[in-house]
Amino acid sequence: MFLSVFDLFKIGIGPSSSHTMGPMTAARRFLDEILTGDWPRPAGVKVDRIGASLHGSLAYTGIGHGSDRAVILGLAGQTPQTVDPDEADGIVARIGAEKRISPPGHPTYRFDPAKDLALDRKTPLTGHANGMAFYAYDASDRLLLKRIYYSIGGGFVVSEEELQRIKAKGSVTTEGKKVPYPFKNAVEMLAMAAKSGLSIAEMKRANEEKHMSREQLDEGLDAIWGAMKGCIDRGLSQDGIMPGGLKVRRRARQLHDKLQEQWQQNRPNPLLANDWLSIYAMAVNEENAAGGRVVTAPTNGAAGTLPAVLRYWLHFHPEADQPSIRDFLLTAAAVGGIIKSNASISGAEVGCQGEVGSASAMAAAGLCAVMGGTPEQVENAAEIALEHHLGMTCDPVGGLVQVPCIERNALGAVKAVTAASLAIKGDGTHFVPLDAAIETMRQTGLDMNEKYKETSLGGLAVNVVEC
């Protein structure tokens, strides 16, 4: 089993990896299917109109998460990695006015978002909570092609057939990729580390370098951190009201300015590290909520936790350097791959324990590793962080990734640093294994009421009264 670091850390736009990046990617896949897919094509009949429908969590919170907007952008030929956030609204407005799409390499198709894009809350698709269907019609509105896709968290998109194969195998796999250290759980990871004498980051690097050069890997890791750092910096420079109608004001810049003032005055602040952690995380998630460019870590909704902890490492630890940043990301990706393969990183599937909980565990593992932790201590750090997010619901107010998501990332970062600190002060021996915490998260997600899983039908989403 192999999940690349670049599978878990994807550069894209907010506000949600499963609700924004996933639908955009699915729309692009459908366009490719029209041109090259294996489907019966009546002689002389051409695709003239495109339609789409969003189901489950995508329907319930699609407007707040920008899922409808993402589908339109995807059908216009945009990708999460390359779309310009500053141009996105103009593209969507133009298609709404023209009622047509002209994706690169395709003829022009009829597509009226007001009629051809439905948020269907009544018809769930059985494969996953984040389901969507795409349709192609001829000039007489006869259905020619229908495809169902699922956005399974972290920007991953699978077809109906691919999801069935994943479920049959019991995990997400990347077929055909042989690696020297194919650990599928934490027990195997620790056993391989003990046998090889390598760190978790070194094993993960060896796996990655089976499929790319060291230079390519390092360049990619540096690009990931560059995007994370750029997102923090943008978030710290912006203020004003975030979009969506809740009228939530950005706070990261104002809080950052106050901290800078205290820093320059050398005023004692026993909570200084926590304050910086929180501000870094909030800066990222405010950018995400505004539709800016972020890195899934492992999702957009949890995108601020890991960058905040990594920025904290650089801020407060003089030994931090570029190689340690790469080791941090590789270690975090190793833990994130285990969580994704054995449970879920999707808030629509297991609640926010799968998003911020997973992010906190990944960040704790990465920090413990670069602080000199052994593989056993790294596994302990990840377990502590994940254990203390178990049962966390996903209840975004108004379907927006703002309340409680922005502050939740800040607290996830604080828990990650605390977990790493506790773990590195021990010898790696602990009572609850990471694999047990991951399995508990999976079972808790299965038992969790659907209204607490990114539908905005329960929790804070219905109990916050707008004044």
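This is a predicted model, so every value here is computed, not measured.
Note: C352 SG to N409 CG = 7.5 Å, rounded to the nearest 0.5 Å. Considering NE2 of H430 and CD of Q377, their distance stands at 10.0 Å, rounded to 0.5 Å. Here the straight-line distance linking atom CG of L119 with atom OG of S53 works out to 9.0 Å at 0.5 Å rounding. Expressed to the nearest 0.5 Å, how far CD of Q164 lies from OG of S159 amounts to 9.5 Å. Going from atom CD1 of I13 over to atom CE of M21 covers 8.5 Å, rounded to the nearest 0.5 Å. Here the CZ-CZ distance, from R253 to R234, works out to 15.0 Å after rounding to the nearest 0.5 Å.
Judged as a salt bridge (Lys or Arg N to Asp or Glu O under 4.0 Å), the pairs with a partner in residues 63-82 (not counting sequence neighbours) are, in order, R69-D89. The salt bridge (Lys or Arg N to Asp or Glu O under 4.0 Å) analysis of residues 360-389, with sequence neighbours excluded, yields no pairs. Residues in residues 390-404 take part in these salt bridge (Lys or Arg N to Asp or Glu O under 4.0 Å) pairs, two or more places apart or across chains: D395-R408. A salt bridge (Lys or Arg N to Asp or Glu O under 4.0 Å) check over residues 316-335, counting only residues at least two apart or in different chains, returns the pairs D218-R326, D222-R326. Among pairs with a residue in residues 23-32, those fulfilling side chain to side chain donor-acceptor pair (under 3.5 Å) read R29-E162, at least two apart in sequence or across chains.
In summary, the side chains of T296 and T299 do not present any donor paired with an acceptor at a separation below 3.5 Å, with no hydrogens or angles considered. Neither side chain, T444 nor Q353, offers a donor N or O lying under 3.5 Å from an acceptor on the other. Of the N and O atoms on the side chains of N300 and S16, not one donor lies less than 3.5 Å from an acceptor on the other residue. Side-chain atoms of T20 and H65 form no donor-acceptor pair, as typed in the model, at a separation below 3.5 Å. For the residue pair K340 / S344, no side-chain donor-acceptor distance below 3.5 Å is found, with atom types taken as modelled. In this model, no donor atom of one side chain and acceptor atom of the other lie less than 3.5 Å apart for Y280 and H256.
Not counting sequence neighbours, the partners of R251 by the side-chain hydrogen bond (donor to acceptor under 3.5 Å, both in side chains) test are E407. Under the side-chain hydrogen bond (donor to acceptor under 3.5 Å, both in side chains) criterion, N130 pairs with no residue, sequence neighbours left out. For W225, the ring pair (Phe, Tyr, Trp, His ring centres under 6.0 Å) criterion is met by no residue, not counting sequence neighbours. Under the side chain to side chain contact (heavy atoms under 4.5 Å, CB included) criterion, S196 pairs with Y181, L198, M203, sequence neighbours left out. Residues satisfying the side-chain hydrogen bond (donor to acceptor under 3.5 Å, both in side chains) test with K195, not counting sequence neighbours, are none. The salt bridge (Lys or Arg N to Asp or Glu O under 4.0 Å) search around E202 returns none, not counting sequence neighbours. Taking E439 as the reference, R442 meet the salt bridge (Lys or Arg N to Asp or Glu O under 4.0 Å) condition, with sequence neighbours excluded.
Judged by the 6.0 Å and 45° rule, K10 forms a cation-pi pair with F156.
Between E355 and G347, the shortest heavy-atom distance links the atoms OE2-N, 2.9 Å.
Using a 4.0 Å cut-off between charged nitrogen and carboxylate oxygen, R311 and D233 count as a salt-bridge pair. For E161 and R165, the salt-bridge test fails: no basic side-chain N is under 4.0 Å from an acidic carboxylate O. A salt bridge is defined here as a Lys NZ or Arg NE, NH1 or NH2 lying under 4.0 Å from an Asp or Glu carboxylate O, and K453 with E450 meets this definition.
Ring centers of H211 and F2: under 6.0 Å apart, within the cut-off.
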